[in-house]
Amino acid sequence: VSASRLGDVFARARSERRAAFIPFLTAGDPSPSATVALARALDRAGADVLELGVPFSDPIADGPILQRSAARALAAGIALPDVWRIAERIRADTSLALVLFSYVNPLLHRGLKRSAREARSAGFDAVLVTDVPPEEGADIRSIFSAADLDTVFLVSPTSPPSRMARAARLSSGFLYVISRRGTTGVRGSLPADLPATVARARRAAGRLPVAVGFGISTPGMARAAARLADGVVVGSALVACAEESGNPGAVEKFARGLARACRRPGRKAPVGSPG
Amino acid sequence: MLLQDTAGQILPTHSISAGLDYPAVGPEHAYLEAVGRVTYTRVSDDDALDAFRVLARTEGILPALESAHAIAFALRLACRRPRSFRILVNLSGRGDKDLDIVASANP
């Protein structure tokens, strides 16, 4: 596990005194080639990890922006084989670590073992299954680990310590901290209890890196989150930027500001670091 | 147990009964079906409406449209059984909540 691409990403970010910048895109919104173009733009902007979302009909954890995004991808006919092809192209064209971000049913329907094998050979480094709670996560952990993929589980402000510990035990690569109650979406500020939530997650995670997401929408919010966590996830705000502009250049510019915000103050980042 | 397509996407549903207009069943029903302890079946919207009217006219009871599905199947089953055969139907809810739906459906 220590030799994984995610392990390298977080080790490098730590040595450069910054948080890893982890954007999210829905695979195939509005087309496979558009997603690949956006991923390349994010790579140029200094992103470290890409969460590539499998569009799903019932995205219960997502707010309106990512719901629309999934609906566009489904209207374009995107299914798991298309996600594999998109990932292969991103793997070939960029140095991003790739996290397969999915609701469980498409994976379950295709078969967890088959999905894990295919995801690995498409170039994914990890899997995050949004709607599998840690109590049900043993199969995800064992099957995807056996296919040499890291497994990422979620904790939230309402997770008690025992549940955070369980999620952390099942996780490799990093532990994902949901910043707030509710769904993904663009928000105006970080929740006041975020430092406490991240601190509790860190106690559960031990040496495993923690990344924070849900509602992080601006460079200012990313900067604050980067002081708390090892990684900062931005989804809805980037997808909204792509939705409004239809333009990888605009997304790259916005993402560059977010990547820069992930650097921590106090010392200049080494020459040659992304961003 | 889900109503889904070949890619695992959840499909749209329709039922005249709001409580049945849902693409999944709970784990307990899924288990009972899987172990073969319960046989699950279906009836049409029209049959459920007919059963609603039958129970209203014969017993003065307005069943919820969900329960009217069970009455419809009981009527179908009773036709193929001797008079002495007993059928137990659980009326799980009341039909006054569904009167607008029944009234707006063609009799």
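As a basis for the values below, the full set of heavy atoms in this structure was taken, side chains included, without hydrogen atoms, waters or symmetry mates. Per chain, numbering begins at 1; letters A, B, ... match sequence-line order.
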Check ion pair B:D47-B:R42 (N to O, under 4.0 angstrom):
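No, B:D47 and B:R42 are not salt-bridged.
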Look at the rings of A:F56 and A:Y103 and say which category their plane angle falls in: under 30° parallel, 30 to 60° tilted, over 60° perpendicular.
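Rings of A:F56 and A:Y103: parallel, under 30°.
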My understanding is that only one of A:V233, A:T26, A:V152 makes a side-chain contact (heavy atoms from CB on, under 4.5 Å) with A:E51; could you say which?
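By the side-chain contact (heavy atoms from CB on, under 4.5 Å) criterion, A:E51 pairs with just one of A:V233, A:T26, A:V152: A:V233.
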B:L11 versus chain A, heavy atoms under 4.5 Å apart: side chain, backbone, both or neither?
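For B:L11, there is no contact with chain A at all, as no heavy atom is under 4.5 Å.
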Contacting region of A:L108 [heavy-atom separation from chain B under 4.5 Å]
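For A:L108, neither part sits under 4.5 Å from chain B.
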Contacting moiety of A:P55, where chain B heavy atoms sit under 4.5 Å
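The backbone, not the side chain.
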We want to know whether A:S156 and A:T158 form a side-chain donor-acceptor pair, criterion being a heavy-atom distance below 3.5 angstrom.
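Result is yes, a qualifying pair exists.
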